[in-house]
*Asks:* 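What follows is a single structure, and I will ask about it in a moment.
Because the structure is predicted, anything quoted here is derived from the model rather than measured.
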Amino acid sequence: MRIGLVGAGKIGQLRARSIREDAAAELVAVYDLSDDLARRAAQGTGARVCRSLDELLDVPMDALVISTPVHVHDDACLQAFARGLHVLIEKPVANTIEGTRRLVDAALAAQRVLAVGFNLRYYPAMRFVRDAITEGRLGTINHFRIFGGHEGLPKFAHDWEFRAPTSGGGAMWDVGIHMSDLARYLLGEITEVYGIETQSVWNVPGSEDNAVAIFRNPEGVAAQYLATWNEWKGYHIYIEAYGDRGMARGAYAPMENLLITQERPGAPRQTTRLRYPWVQLREKLWSWQTTALLSFREELQDFIALTQGKSNVRIADGYAGLRAAEVAAAVRESTQRGHVVRLPALGRMHA
Ligand SMILES: NC(=O)c1ccc[n+]([C@@H]2O[C@H](COP(=O)([O-])OP(=O)(O)OC[C@H]3O[C@@H](n4cnc5c(N)ncnc54)[C@H](O)[C@@H]3O)[C@@H](O)[C@H]2O)c1
């Protein structure tokens, strides 16, 4: 697959590397406002370093990876679909629901793949939980607990990352957008949302620093959700699934799993803990970016597979990006009106 890259910053450099390292992919063009960054991303490949989006899109290619800030995603994405390219876009897809829908609709009209960089799906601790559920190890699932948080504004390098309306919103559009996606990935779909969000810690207008919510799927299974910018202990995420025959927890950072299984409620329990020492060592020696890079490699393989019509893949599609944004808007609406917000099931975007 011939791939172009727009946006060669922190994440774009990792995307470029994941493309360089994939034998089925070729990086053919890079564009960033910074020539230096574009050149660095293109290093070691025959990729053309471009001076504009038009120049980039004139290079023959099959797909575009968009790693620019969220408020400039749409121009590149719409032009890519207009030229018949597939797109892998960073989260959040756009900073409004309408903007996200526009990109989803453009992909559907062009009959091209829109995949979203919800790369936490590929973190070993998160896949472990999902696999424990699908393998039936937990019995019948009755609820999930989902958490994502960090210490807020000091984590951000740029205003566009946290300041609404550019960012879309606060914690639910940042670490929380990944957690909304994981919630939907585990629930199958989110069709009911009740929640309360607050802006009393960092006081950025339009950017919630806490969102406490309950999501439900069409079968009535609930997920308890919290996205926060005042997790003073540092960056942490976890997902937990509870069934009648056990529970599974996946957490990061550090990467960890806990699995408890039993024949039936009240029977003797078996406990397994996984601590991923090699991940912790690797991150200590280099950085968290090594873990992100591995997830990007697998995500890219799934992206290519999805464009080839394979549906048994972990990668998030445009509907996942849309529902994660809709859920953030639903928590805001629920906070203002005090009621449950109902959303129609979306299903899969690419059958
Ligand atoms: N999956 C994840 O865990 C994760 C983590 C962080 C960021 N992100 C997402 O990745 C994207 C990029 O974030 P980042 O942290 O790499 O930011 P960054 O600031 O490090 O990089 C963005 C790059 O885009 C370039 N750019 C800006 N406007 C442009 C334009 N119009 N055309 C071409 N290039 C342009 C900038 O020069 C910069 O090099 C965002 O959408 C962000 O939300 C995802």
Side-chain angles (χ1 to χ4, degrees), residues 9-11 14 67 69-71 73 89-95 100 116-123 125-126 129 144-164 166-187 190 193 195-202 204 206-215 223-240 249-256 283 287-289 291-292 295-296 299 316 320-321 323-332:
K10 185 179 70 187
I11 295 297
L14 294 173
S67 296
V70 58
H71 55 289
H73 279 177
I89 195 165
E90 304 297 347
K91 60 80 211 165
V93 173
N95 56 12
T100 310
V116 184
F118 283 133
N119 59 310
L120 293 184
R121 291 185 180 205
Y122 294 87
Y123 277 37
M126 306 302 142
V129 174
F144 297 96
R145 302 176 199 174
I146 313 275
F147 173 86
H150 59 70
E151 60 270 55
L153 266 49
K155 286 297 268 189
F156 299 113
H158 313 95
D159 271 26
W160 60 260
E161 294 176 82
F162 67 88
R163 203 172 286 287
T166 312
S167 58
M172 283 201 78
W173 291 79
D174 161 49
V175 60
I177 204 104
H178 279 292
M179 305 324 291
S180 300
D181 173 63
L182 286 174
R184 179 174 185 259
Y185 189 48
L186 297 177
L187 283 165
I190 299 173
V193 177
I196 295 171
E197 60 173 49
T198 51
Q199 287 172 34
S200 57
V201 182
W202 296 102
V204 180
S207 295
E208 71 286 350
D209 28 46
N210 279 287
V212 178
I214 295 175
F215 305 150
Q224 178 197 63
Y225 171 98
L226 170 58
T228 178
W229 278 354
N230 69 239
E231 173 61 344
W232 306 129
K233 300 192 292 296
Y235 178 93
H236 290 292
I237 61 170
Y238 69 75
I239 57 176
E240 293 182 350
R249 171 186 166 93
Y252 180 79
M255 192 86 72
E256 282 176 353
E283 291 191 349
S287 86
W288 61 269
Q289 294 192 353
T291 303
S295 69
F296 287 171
E299 199 170 48
R323 185 48 41 104
E326 287 175 335
V327 160
V331 170
R332 182 153 298 180

*Asks:* Quick one: OG1 on Thr100 to CG on Asn95, what's the gap to the nearest 0.5 Å?
*Replies:*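 Going from OG1 on Thr100 over to CG on Asn95, the span is 8.0 Å.
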
*Asks:* Compare every heavy atom of Ser167 with every heavy atom of Ser207, then report the nearest pair and how far apart it is.
*Replies:*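 Nearest heavy atoms, Ser207 then Ser167: OG-OG, 4.1 Å.
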
*Asks:* Is there a side chain to side chain contact (heavy atoms under 4.5 Å, CB included) between Asn119 and Phe296? Walk through the geometry before answering.
*Replies:* CA-CA 7 Å; Asn119 59 310; Phe296 287 171; 3.5 Å; yes

*Asks:* Does Asp174 reach the side chain of Glu161, with side-chain heavy atoms less than 4.5 Å apart?
*Replies:*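 Contact flag for Asp174/Glu161 side chains = no.
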
*Asks:* Could you check Tyr122, Trp288, Tyr123 and say which one makes a ring-ring contact (aromatic ring centres under 6.0 Å, His included) with Tyr252?
*Replies:*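 Answer to the ring-ring contact (aromatic ring centres under 6.0 Å, His included) test with Tyr252 among Tyr122, Trp288, Tyr123: Tyr123.
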
*Asks:* Find the distance between CD1 (Ile237) and CE (Met126) and round it off to the nearest 0.5 Å.
*Replies:*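 Spacing of CD1 (Ile237) from CE (Met126) equals 4.0 Å.
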
*Asks:* Is there a ring pair (Phe, Tyr, Trp, His ring centres under 6.0 Å) between Phe156 and Trp229? Walk through the geometry before answering.
*Replies:* CA-CA 11 Å; Phe156 299 113; Trp229 278 354; 5.4 Å; yes

*Asks:* Could you tell me which non-hydrogen atom of Lys91 sits nearest to which non-hydrogen atom of Ile177, and how far apart they are?
*Replies:*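 Between these two residues, the closest heavy atoms are CD-CG2, 3.5 Å.
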
*Asks:* So, for Gln199 and Val204, which heavy atoms are closest and what is the spacing to 0.1 Å?
*Replies:*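 Smallest heavy-atom distance, with atoms named: OE1-O, 3.4 Å.
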
*Asks:* Might you confirm whether atom CD of Gln224 has over 12 heavy atoms from other residues, nucleotides or ligands at distances under 6.0 Å?
*Replies:*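 Not more than 12 within 6.0 Å, no.
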
*Asks:* Under the 6.0 Å and 45° cation-pi test, does Arg121 pair with Tyr185?
*Replies:*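 Yes - Arg121 lies over the ring of Tyr185, closer than 6.0 Å to its centre and within 45° of its axis.
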
*Asks:* Under the side chain to side chain donor-acceptor pair (under 3.5 Å) rule, what do Ser180 and Tyr225 come out as? Steps first, then yes or no, please.
*Replies:* CA-CA 8 Å; Ser180 300; Tyr225 171 98; 3.2 Å; yes

*Asks:* Do Val116 and Asp181 make a side-chain contact, defined as non-hydrogen atoms from C-beta onward lying under 4.5 Å apart?
*Replies:*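 Counting from C-beta outward, Val116 and Asp181 never come under 4.5 Å.
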
*Asks:* Run the side chain to side chain contact (heavy atoms under 4.5 Å, CB included) check on Val175 and His150 step by step: do they pass?
*Replies:* CA-CA 8 Å; Val175 60; His150 59 70; 4.1 Å; yes

*Asks:* Can you find a pair of side-chain heavy atoms, one from Phe162 and one from Leu153, that are under 4.5 Å apart?
*Replies:*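 Answer yes - side chains close enough.
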
*Asks:* Side-chain contact, heavy-atom cut-off 4.5 Å: Leu14 with Gln289?
*Replies:*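 SC-SC contact between Leu14 and Gln289 confirmed.
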
*Asks:* Quick one: does Glu240's side chain get under 4.5 Å of Ile146's, heavy atoms only?
*Replies:*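 When only atoms from C-beta onward are counted, Ile146 and Glu240 do not touch, as no gap falls below 4.5 Å.
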
*Asks:* Could you tell me whether the side chains of Asn230 and Asp209 share a donor-acceptor contact shorter than 3.5 Å?
*Replies:*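 Looking only at side-chain atoms, Asp209 and Asn230 do not form any donor-acceptor pair under 3.5 Å.
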
*Asks:* With a 4.5 Å cut-off on side-chain heavy atoms, are Thr228 and Phe147 touching?
*Replies:*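 SC-SC contact between Phe147 and Thr228 confirmed.
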
*Asks:* Mark yes or no for whether Glu208, through its side chain, and Met172, through its backbone, hold a donor-acceptor pair below 3.5 Å.
*Replies:*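 Such a contact is found between Glu208 side chain and Met172 backbone.
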
*Asks:* Looking only at heavy atoms, what is the nearest atom pair of His73 and Val93, with distance?
*Replies:*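 Looks like ND1-O, 2.8 Å.
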
*Asks:* What closest approach, in Å, do Ala324 and Phe118 show between heavy atoms, and which atom pair accounts for it?
*Replies:*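 Closest heavy-atom pair between Ala324 and Phe118: CB-CZ, 3.9 Å.
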
*Asks:* Taking the six-membered ring of Phe215 as reference, does the NZ or CZ atom of Arg184 fall below 6.0 Å from its centre and within a 45° cone about the axis?
*Replies:*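 No.
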
*Asks:* Ignoring hydrogens and angles, state whether a donor on the side chain of Ser67 or Glu90 is under 3.5 Å from an acceptor on the partner side chain.
*Replies:*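 A pair is found: one side chain offers a donor N or O, the other an acceptor, under 3.5 Å apart.
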
*Asks:* Looking at every heavy atom in both Val331 and Ala213, which two are closest together, and how far apart are they?
*Replies:*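 So the two residues come closest at CG2-CB, 3.9 Å.
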
*Asks:* Check for a donor-acceptor pair, side chain of Arg249 on one end and backbone N or O of Glu256 on the other, with a separation under 3.5 Å.
*Replies:*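 Not at all, since once roles are kept as given, no pair shorter than 3.5 Å links the two residues.
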
*Asks:* With rounding to the nearest 0.5 angstrom, report the CE to OH distance, Met179 to Tyr238.
*Replies:*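 Reported to 0.5 Å precision, the distance equals 9.5 Å.
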
